[in-house]
Amino acid sequence: MRRLFIARHGNTFGPGEAARRVGVRTDIPLVESGHQQGRKLGAWFASEAIAFDRALSGPLIRTRQTAEHILSASARPCRLEIADFLAEIDHGPDENGIEDDVVARIGHDAIAAWDERAEAPDGWIVDHDSRIAAWRAFLADLTPGNVLLVTSNGAARFALLAAQSLAEQARATGRNLKLRTGAYGEIAQYGPDDFSIIGWDQRPPK
Ligand SMILES: O=C(O)[C@@H](CO)OP(=O)(O)O
């Protein structure tokens, strides 16, 4: 069996700072609470005796820093691989825009379509088919073990659409595709299209 742990990086905005739609063109580091979230994920996986046989991160600094925190808490840390398919999307005219301004431009329904069905809002640059193809290529490797993937909110959701059994489970549970910062999803893989979503958007307990 293969267990996939798909984590979103920690916070990139400090207390009192307005959240912005940061994408692939906005490479900002974690803030202090984001470092704490990374350390917390690492401590949680270590406490659950989950060590990783493979670890991948998107190229952005926020994902790499989070992955490094997780691996440094591990009893058996593996090498961190940088994987382009885990890179964040491009928010087009909304890139690095304050969330309230983005909502004013595209509306709540467009955000809901993105979070529920990965339908990109007008102007965002998201190659839906290539993203699904890249996740499929990754899921075709059935080597048993635990794999950590640290990525961004816009990129992680395509995992749930890349296999029929995952998409069906996500639909059946009415699961929102989104991950909060410092949260992760766990997927068990038993065969080429035999998956079980164990959890999604869960954060380590307090
Ligand atoms: O939700 C998003 O669109 C972005 C944040 O604006 O996510 P991430 O920070 O994970 O790139």
A.B. asks: Using side-chain heavy atoms (C-beta onward) and a distance below 4.5 Å, is Phe52 in contact with Ile70?
C.D. replies: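 Side chain of Phe52 against side chain of Ile70, heavy atoms only: contact under 4.5 Å found.
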A.B. asks: One pair to check against side-chain contact (heavy atoms from CB on, under 4.5 Å): Trp114 and Val126. What are the steps and the verdict?
C.D. replies: CA-CA 11 Å; Trp114 171 239; Val126 182; 4.2 Å; yes
A.B. asks: Linking I/L/V/M/F/W/Y whenever any side-chain heavy atoms sit under 4.5 Å apart, do Leu60 and Phe85 land together?
C.D. replies: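 No: no chain of side-chain contacts under 4.5 Å links Leu60 to Phe85.
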A.B. asks: Hey, does the side chain of Asn153 reach the backbone of Lys178 with a donor-acceptor pair shorter than 3.5 angstrom?
C.D. replies: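 No, Asn153 side chain to Lys178 backbone: no donor-acceptor pair under 3.5 Å.
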A.B. asks: Assigning hydrophobic clusters by single linkage (Ile, Leu, Val, Met, Phe, Trp, Tyr; side-chain heavy-atom cutoff under 4.5 Å), is Ile132 placed with Val24?
C.D. replies: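 Looking at the clustering, Val24 is in a separate group from Ile132.
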A.B. asks: Any sub-3.5 Å donor-acceptor pair from Arg64's side-chain atoms to Pro59's backbone N or O?
C.D. replies: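 Pair found, side chain donor or acceptor close to backbone of Pro59.
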A.B. asks: Can you tell if the side chain of Pro29 reaches within under 4.5 Å of the side chain of Thr12, non-hydrogen atoms only?
C.D. replies: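 No, their side chains stay 4.5 Å or more apart.
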A.B. asks: Indicate yes or no: does Arg21 engage Glu99 in a salt bridge with an N to O separation below 4.0 Å.
C.D. replies: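 Yes.
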A.B. asks: Provide the closest heavy-atom pair for Arg203 versus Gly182 in the form atom of the first, atom of the second, distance.
C.D. replies: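 Shortest heavy-atom contact: CG-O, 3.6 Å.
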A.B. asks: Enter the distance from Asp100:CG to Arg20:CZ here, rounded to the nearest 0.5 Å.
C.D. replies: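 Taking CG in Asp100 and CZ in Arg20, the distance rounds to 13.0 Å.
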A.B. asks: Is there a donor-acceptor contact under 3.5 Å from the side chain of Glu95 to the main chain of Gly23?
C.D. replies: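 A pair under 3.5 Å: yes.
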A.B. asks: Just by distance, do the side chain of Gln37 and the backbone of Thr181 share a donor-acceptor pair under 3.5 Å?
C.D. replies: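 At least one qualifying donor-acceptor pair exists.
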A.B. asks: If I take atom CD from residue Gln189 and atom OG from residue Ser196, how far apart are they, to the nearest 0.5 angstrom?
C.D. replies: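 Between Gln189 CD and Ser196 OG, I get 11.5 Å after rounding to 0.5 Å.
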A.B. asks: Does one side chain, of Asp94 or Trp124, offer a donor that lies under 3.5 Å from an acceptor on the other?
C.D. replies: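 There is such a pair (donor and acceptor under 3.5 Å, judged by atom type) between the side chains of Asp94 and Trp124.
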A.B. asks: Would you confirm whether the ring centroid of Tyr190 sits within less than 6.0 angstrom of the ring centroid of Phe195?
C.D. replies: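 Not under 6.0 Å, so no.
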A.B. asks: Does some side-chain heavy atom of Asp115 sit less than 4.5 Å from a side-chain heavy atom of Leu177?
C.D. replies: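 Not in contact.
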A.B. asks: Determine whether a donor-acceptor pair (N or O, by modelled atom type, separation under 3.5 Å) exists between the side chain of Thr63 and the backbone of Gly58.
C.D. replies: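 Yes; at least one donor-acceptor contact below 3.5 Å.
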A.B. asks: Taking Leu4 as the fixed residue, which of Leu139, Leu148, Ile198 is the one that meets the side-chain contact (heavy atoms from CB on, under 4.5 Å) rule?
C.D. replies: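 Of the listed options, the one satisfying the test is Leu139.
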A.B. asks: Closest approach of Thr66 and Leu41, non-hydrogen atoms and distance?
C.D. replies: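 Where Thr66 meets Leu41 most closely, the heavy atoms are CG2-CD1, 4.3 Å.
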A.B. asks: Determine whether Ile28 and Arg62 satisfy the following criterion, side-chain contact (heavy atoms from CB on, under 4.5 Å), listing intermediate values before the conclusion.
C.D. replies: CA-CA 6 Å; Ile28 52 175; Arg62 54 191 181 270; 4.2 Å; yes
A.B. asks: Could you tell me whether Asp122 atom CG has more than 12 heavy atoms of other residues or ligands within 6.0 Å of it?
C.D. replies: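 Counting other residues, nucleotides and ligands, CG of Asp122 stays at 12 neighbours or fewer.
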A.B. asks: Considering non-hydrogen atoms only, spot the tightest contact between Ala162 and Arg136 and give its length.
C.D. replies: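 Looking at all heavy atoms of both residues, the shortest contact is O-NE, 2.8 Å.
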A.B. asks: The test is side-chain contact (heavy atoms from CB on, under 4.5 Å); show your working for Gln65 and His35 and say whether it passes.
C.D. replies: CA-CA 8 Å; Gln65 287 179 324; His35 286 288; 3.9 Å; yes
A.B. asks: In this structure, would Val147 and Ile50 fall into the same cluster of hydrophobic residues linked by side-chain contacts under 4.5 Å?
C.D. replies: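 Different hydrophobic clusters.
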A.B. asks: Ignoring hydrogens and angles, tell me if any N or O in the side chain of Arg8 forms a donor-acceptor pair with the backbone of Leu179 under 3.5 Å.
C.D. replies: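 Checked: pair present.
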A.B. asks: Applying the 4.5 Å side-chain criterion to the ILVMFWY set and letting contacts propagate, would Leu86 and Leu161 be lumped into a single cluster?
C.D. replies: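 Per the 4.5 Å side-chain linkage, Leu86 and Leu161 are co-clustered.
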A.B. asks: Report yes or no: does Asn176 contribute a side-chain atom to a donor-acceptor pair with the main-chain N or O of Glu116 at less than 3.5 Å?
C.D. replies: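 Answer holds: no.
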A.B. asks: If a pair satisfies ring pair (Phe, Tyr, Trp, His ring centres under 6.0 Å) and one of its residues is in residues 143-164, list it, with sequence neighbours excluded.
C.D. replies: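 Sorted pair list: His128-Phe158.
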A.B. asks: Quick one: sort the Tyr184 and Phe5 rings into parallel, tilted or perpendicular, breaks at 30° and 60°.
C.D. replies: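 Because their plane-to-plane angle lies in the 30° to 60° range, the rings of Tyr184 and Phe5 count as tilted.
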A.B. asks: Can a donor-acceptor pair be found, under 3.5 Å and without considering hydrogens, that links the side chain of Asp201 to the backbone of Arg180?
C.D. replies: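 Answer holds: yes.
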A.B. asks: Can you check whether Arg76's main-chain N or O pairs, donor with acceptor, with Ser74's side chain at less than 3.5 Å?
C.D. replies: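 Here the side-chain-to-backbone pair exists.
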A.B. asks: Taking it one step at a time, do Leu160 and Ile197 satisfy side-chain contact (heavy atoms from CB on, under 4.5 Å)?
C.D. replies: CA-CA 9 Å; Leu160 294 183; Ile197 304 176; 3.7 Å; yes
A.B. asks: Distance only, no hydrogens: is a donor on one side chain within 3.5 Å (strictly under) of an acceptor on the other, for Ser57 and Glu81?
C.D. replies: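 Not at all, the side chains of Ser57 and Glu81 share no donor-acceptor pair under 3.5 Å.
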A.B. asks: Using every non-hydrogen atom in the two residues, find where Ser33 and Asn11 come nearest and quote the distance to one decimal.
C.D. replies: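 Closest approach of Ser33 to Asn11, heavy atoms only: OG-ND2, 2.9 Å.
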A.B. asks: What pair of heavy atoms forms the shortest contact from Ile106 to Ala110, and how long is it?
C.D. replies: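 Closest pair (atom of Ile106, atom of Ala110, distance): O-CB, 3.4 Å.
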A.B. asks: Which heavy-atom pair separates Val31 from Phe13 by the least distance, and what is that distance?
C.D. replies: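 For Val31 and Phe13, the tightest heavy-atom pair comes out as CG2-O, 3.4 Å.
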A.B. asks: For residues Phe138 and Val150: do they belong to one hydrophobic cluster (side chain heavy atoms under 4.5 Å, members Ile, Leu, Val, Met, Phe, Trp, Tyr)?
C.D. replies: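 No, Phe138 does not connect to Val150 through the hydrophobic network.
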A.B. asks: Using the six-membered ring of Trp135, assess whether NZ or CZ of Arg157 lies under 6.0 Å from its centre and within 45 degrees of the ring axis.
C.D. replies: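 No, cation not above the ring by the 6.0 Å, 45° rule.
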A.B. asks: Kindly check if the number of other-residue, nucleotide or ligand heavy atoms within 6.0 Å of CD (Glu48) is above 12?
C.D. replies: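 Atom CD in Glu48 is packed in, count exceeds 12.
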A.B. asks: Count the heavy atoms belonging to other residues, nucleotides or ligands that lie under 6.0 Å from CG of Asp141, then report whether that count exceeds 12.
C.D. replies: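 Yes, enclosed.
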A.B. asks: Answer yes or no: is there a side-chain heavy-atom contact under 4.5 Å between Arg79 and Arg54?
C.D. replies: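 They are not in contact (no side-chain heavy atoms under 4.5 Å apart), so the answer is no.
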A.B. asks: Starting at CE of Met1, measure out to CG of Leu142 and round the result to the nearest 0.5 Å.
C.D. replies: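 If we round to the nearest 0.5 Å, Met1:CE and Leu142:CG are 13.0 Å apart.
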A.B. asks: Can you tell me how far the CG atom of Leu56 sits from the CD1 atom of Ile82, to the nearest 0.5 Å?
C.D. replies: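 Taking CG in Leu56 and CD1 in Ile82, the distance rounds to 8.5 Å.
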